[in-house]
Amino acid sequence: MAFSDQFLDELRNRVGIADVVGRRVKLTRKGREHQGLCPFHKEKTPSFTVNEEKGFYHCFGCQAHGSVFDFVMETEGLSFPEAVEKLAADAGMQVPRDTPEERERQKKRQTLLDVVEMSAKLFERALRMPEGQPGLDYLKRRGLTDATIKRFRLGYAPDGRGWLKAALAREGVDEALMLGAGMVIKPDDGRPSYDRFRGRVMFPIADRRGRVIAFGGRIIADGEPKYLNSPETPLFHKGTTLYGLDLAGAAARQSGTLIVTEGYMDVIALAQAGFQGAVAPLGTALTEEQIQLLWKVVREPALCFDGDAAGQRAAAKAAERALPFLKPGYGLRFAVLPQGQDPDDLVKSGGATAMQALLDGAPALSVMIWRIETGGRIPAAAEARAALEAKLKEHSRRIQDPTVRAHFSRLFGERLWPGGAGASAGGFGDQGGGAGWRGARRRRDAGREAPNVYLPGSAAAGRIDAGEIRRTALLATLINHPDCFDEMSEPLGTIAFSATELDNLRQQVLNTLADHPGLDSAGLITHLNQIGFAGILNRVLSSETYGHGFFARPDAARQEALSGWRDALRMFRDEDLAQEIEEAKRISRENPSEEASRRLQVLTRQKLALKAEEDMSFGI
């Protein structure tokens, strides 16, 4: 059976070779590739690599090499057509049959590609002609260089109803093909067809192979709509395409950062400022297919939205859309711009440094949902807090993966009921005593979100917060002793840091060590410095921190580091519980209620359980 190149390309993009190989081989990310033990011969040291960007696997031991189709054929003993059909079924794609009709359809599709490419060249040429001066002036006013204009193949559609139609006709293009490619519009009342794009700066939209499949046009004079996209065609499906992905993919994989902006100019401005890994949906909210495309490039793309109400709505919609498809290791981050600014404004006012700082501080999806639902405040009244709990539960229930769902449930519970029943391992509504210390964001004032507090060496620091400095020492210990990752990762991964910068560093340390087992301290520190954490890292790995936690020093023996780390963790839990018990007693005295009494009982049981744990020997 013959399959078209277009179908095979789309199937490769849908399934992803790392995902397919990962079902049979435990893969670890190593820079731009994945690595694991070769499934084709016995080995103890990994020599098998998977390159997602180039779409192949290779073993340096036995020289096995091939595509995703080869892998399925070799591991499952299938023929090429059988492997294609299996992968298509997994991806939910219908396999086209090799019929005269299908061959004709593919021929027409190729012809439409030729028409769209021809149009792109005509628009590029027009931009440099006298009739294109308004478009060129606009692009220059926006600060774009000639190199950027050329890289993104920007053009201009002159303001005439038949300019493109006439130009394509001179090249021998039939009107039916112009219609099929979405380049002209045919009125229903029988009037002659006319150009779809008129008086607009033109942004070619390409598929992942870099072939132009559609256009976006920005009007220069007055008129509506401001932006106009090509219609759905055999080439172009808006919900499965991301603007700029063909140019951004390689850079994003190399840097580990993929920025999702709101429009064409945002992508282009960021690329010109040095952020080559930027893409944009095409005028609509992110679709499921687009989110899956993003995850094939990086595990945590950063959605960059305007700071206005519309941007907040877009962020909320993206978060809702992603929830059902979350899986361990894959998520979204949200880089919310200052009010009234877009990425271009931010880069022009604060430079690349300001944009990088925004990306470094971008909160995870779970944190974004929390902020959207709470607005930065936890209701003091039990009724209002219960209503908030119901909303958060609904978000958690939408997550299909049980592991991710459990962690979301636990996180929301710990934040909603700090140290109480909701913070137990069981998540919301668990009335038994639990490990309430895990990840609880402690608040003495239930009606106010905890501010960022003391960071070692911070000029902005006020009174030193003992709890925060202890968290800092816990993190510094792992950075200096990555070989303790197995013992420290779970508790450190669920402890919340109220300082955003410190919390981002914690997440990056855990993600890096999870993806790179065996990485030593020097390698970890070098990596963190290279990706923008140098400032906070210097403050964490300082004499200030080591003064409060001698065990965190890089020269501490492993046993000393682990023993001191566990003691500090127990002290952290003990002090926080003591504070919560005192607060619960005060509330119980001032407002006696069944809920207040039950909370005090839960905290007291946790305190007794912690005391019993402290009386036992941990062992090393």
- Query: So Asp146 and Lys140, salt bridge (Lys or Arg N to Asp or Glu O under 4.0 Å) or not? Walk me through it.
  - Reply: CA-CA 9 Å; Asp146 287 333; Lys140 293 294 186 179; 2.7 Å; yes

- Message: For His34 and Thr49: C-alpha separation, side-chain torsions, deciding distance, then whether side chain to side chain contact (heavy atoms under 4.5 Å, CB included) applies.
- Response: CA-CA 5 Å; His34 295 78; Thr49 62; over 6 Å; no

- Item | Derivation of the side chain to side chain donor-acceptor pair (under 3.5 Å) call for Gln133 and Asp137 | CA-CA 6 Å; Gln133 195 63 45; Asp137 290 343; 2.8 Å; yes

- Step-by-step salt bridge (Lys or Arg N to Asp or Glu O under 4.0 Å) determination, Lys348 to Asp344: CA-CA 6 Å; Lys348 286 178 179 175; Asp344 192 18; 3.3 Å; yes

- salt bridge (Lys or Arg N to Asp or Glu O under 4.0 Å) assessment of Arg14 paired with Glu289: CA-CA 9 Å; Arg14 286 276 193 98; Glu289 291 84 357; over 6 Å; no

- Message: Evaluate Val279 against Ile259 for side chain to side chain contact (heavy atoms under 4.5 Å, CB included), listing each step before the verdict.
- Response: CA-CA 6 Å; Val279 299; Ile259 308 168; over 6 Å; no

- Message: Go through it in stages, so that I can follow the logic: the residues are Gln356 and Asp360, the test is side chain to side chain donor-acceptor pair (under 3.5 Å), and I'd like the CA-CA distance, side-chain angles, deciding distance and then a yes or no.
- Response: CA-CA 6 Å; Gln356 188 60 56; Asp360 291 342; 2.9 Å; yes

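With rounding to the nearest 0.5 angstrom, the CD atom of Glu52 is 6.0 Å from the CZ atom of Arg253. The line from CD1 of Ile213 to CZ of Arg208 is 12.0 Å long, rounded to the nearest 0.5 Å. We find the NE2-CD1 distance between His407 and Ile399 to be 11.0 Å, quoted to the nearest 0.5 Å. Here Phe275 contributes atom CZ and Thr261 contributes atom OG1; the two are 13.0 Å apart, rounded to the nearest 0.5 Å. Here Arg405 contributes atom CZ and Ser396 contributes atom OG; the two are 9.0 Å apart, rounded to the nearest 0.5 Å. To the nearest 0.5 angstrom, Glu131 atom CD is 12.0 Å from Leu136 atom CG.
Between Val404 and Pro328, the shortest heavy-atom contact is CG2-N, 3.5 Å. Closest approach of Val260 to Pro281, counting heavy atoms only: CG1-CD, 3.9 Å. The shortest heavy-atom contact between Val298 and Ala252 is CG1-O, 3.6 Å. Pairing each heavy atom of Val201 with each of Gly135, the nearest pair is CG2-CA, 3.7 Å. Heavy atoms only, all atoms of each residue included: Ala322 and Trp295 are closest at O-CH2, 4.4 Å. Taking all atoms of both residues into account, the shortest heavy-atom contact from Gly216 to Asn229 is CA-OD1, 3.6 Å.
Judged purely by atom type and a 3.5 angstrom limit, Trp370 has no side-chain atom pairing as donor or acceptor with the backbone of Leu411. Remark: side-chain polar atoms of Ser349 are paired, donor with acceptor, to backbone N or O of Leu346 under 3.5 angstrom. One N or O on the side chain of Asp345 and one on the backbone of Asp342 form a donor-acceptor pair closer than 3.5 Å. For Arg299 (side chain) and Tyr330 (main-chain N/O), no donor-acceptor pair under 3.5 Å exists by modelled atom type. Remark: side-chain polar atoms of Arg321 are paired, donor with acceptor, to backbone N or O of Leu286 under 3.5 angstrom. Under a 3.5 Å cut-off, the side chain of Arg198 and the backbone N or O of Asp159 do not form any donor-acceptor pair. Using modelled atom types, one side-chain atom of Glu232 and one backbone atom of Lys238 make a donor-acceptor pair closer than 3.5 Å. Of the possible donor and acceptor atoms, one in the side chain of Asp207 sits under 3.5 Å from a partner among the backbone N and O of Arg211. Checked by atom type and distance alone, the side chain of Gln290 pairs as donor or acceptor with a backbone atom of Thr287 at under 3.5 Å. Side-chain atoms of Arg200 come within 3.5 Å of backbone N or O of Lys226 as a donor-acceptor pair.
For the side-chain contact (heavy atoms from CB on, under 4.5 Å) criterion with Met368, the lone passing option out of Val336, Leu332, Leu303 is Val336.
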Please tabulate, for side-chain N and O atoms in residues 239-249, each donor-acceptor pair with protein atoms closer than 3.5 Å (sequence neighbours left out).
from	atom 1	to	atom 2	distance (Å)
Thr240	OG1	His237	O	3.1
Thr241	OG1	His237	O	3.0

Expected list for residues 474-486: side-chain donor-acceptor pairs under 3.5 angstrom, two or more places apart:
from	atom 1	to	atom 2	distance (Å)
Thr477	OG1	Ala473	O	2.7
Asn480	ND2	Ala476	O	3.4
Asn480	ND2	Tyr546	OH	3.0
Asn480	ND2	Ala552	O	2.7
His481	NE2	Arg553	O	3.0
Asp483	OD2	Arg558	NE	3.2

Show me the side-chain donor-acceptor pairs of residues 147-158 shorter than 3.5 Å, one per line, residues at least two apart or across chains.
from	atom 1	to	atom 2	distance (Å)
Thr148	OG1	Thr145	OG1	3.1
Thr148	OG1	Gln272	OE1	2.6
Arg151	NH1	Gln276	OE1	3.0
Arg151	NH2	Gln276	OE1	3.3
Arg153	NE	Glu124	OE1	3.1
Arg153	NH1	Glu117	OE1	3.2
Arg153	NH1	Glu117	OE2	3.3
Arg153	NH2	Glu117	OE2	2.9
Arg153	NH2	Glu124	OE1	2.9

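Counting heavy atoms from C-beta outward, Phe412 and Ile369 have side chains that approach closer than 4.5 Å. With contacts defined as side-chain heavy-atom distances shorter than 4.5 Å, the pair Thr545/Ser542 qualifies. Side chains of Val68 and Tyr57 form no contact here, defined as non-hydrogen atoms less than 4.5 Å apart. Proximity of Val116 to Phe236: side-chain heavy atoms (C-beta onward) are nowhere separated by under 4.5 Å. Put simply, the side chain of Leu337 reaches to within 4.5 Å of the side chain of Cys304, judged on heavy atoms. Taking 4.5 Å as the limit, some side-chain heavy atom of Val540 sits within range of a side-chain heavy atom of Thr472. The closest side-chain heavy-atom distance from Leu524 to Thr512 is below 4.5 Å. Side-chain contact between Leu365 and Glu300 is absent, with no heavy atoms from C-beta onward closer than 4.5 Å.
For Lys54 and Phe56, the positive end is not near the middle of the six-membered ring at less than 6.0 Å and at most 45° from its axis.
Take Arg218 and apply the side chain to side chain donor-acceptor pair (under 3.5 Å) test, not counting sequence neighbours, and it matches Tyr138. Arg12 is linked by a side chain to side chain donor-acceptor pair (under 3.5 Å) to Asp9, counting only residues two or more places apart in sequence or in another chain. In this structure His395 satisfies the side chain to side chain donor-acceptor pair (under 3.5 Å) test together with Glu320, Glu373, sequence neighbours excluded.
Not less than 6.0 angstrom separates the ring centroid of Phe215 from the ring centroid of Phe203.
The aromatic rings of Phe197 and Phe123 lie perpendicular to each other, with more than 60° between the two planes, well past the 30° mark.
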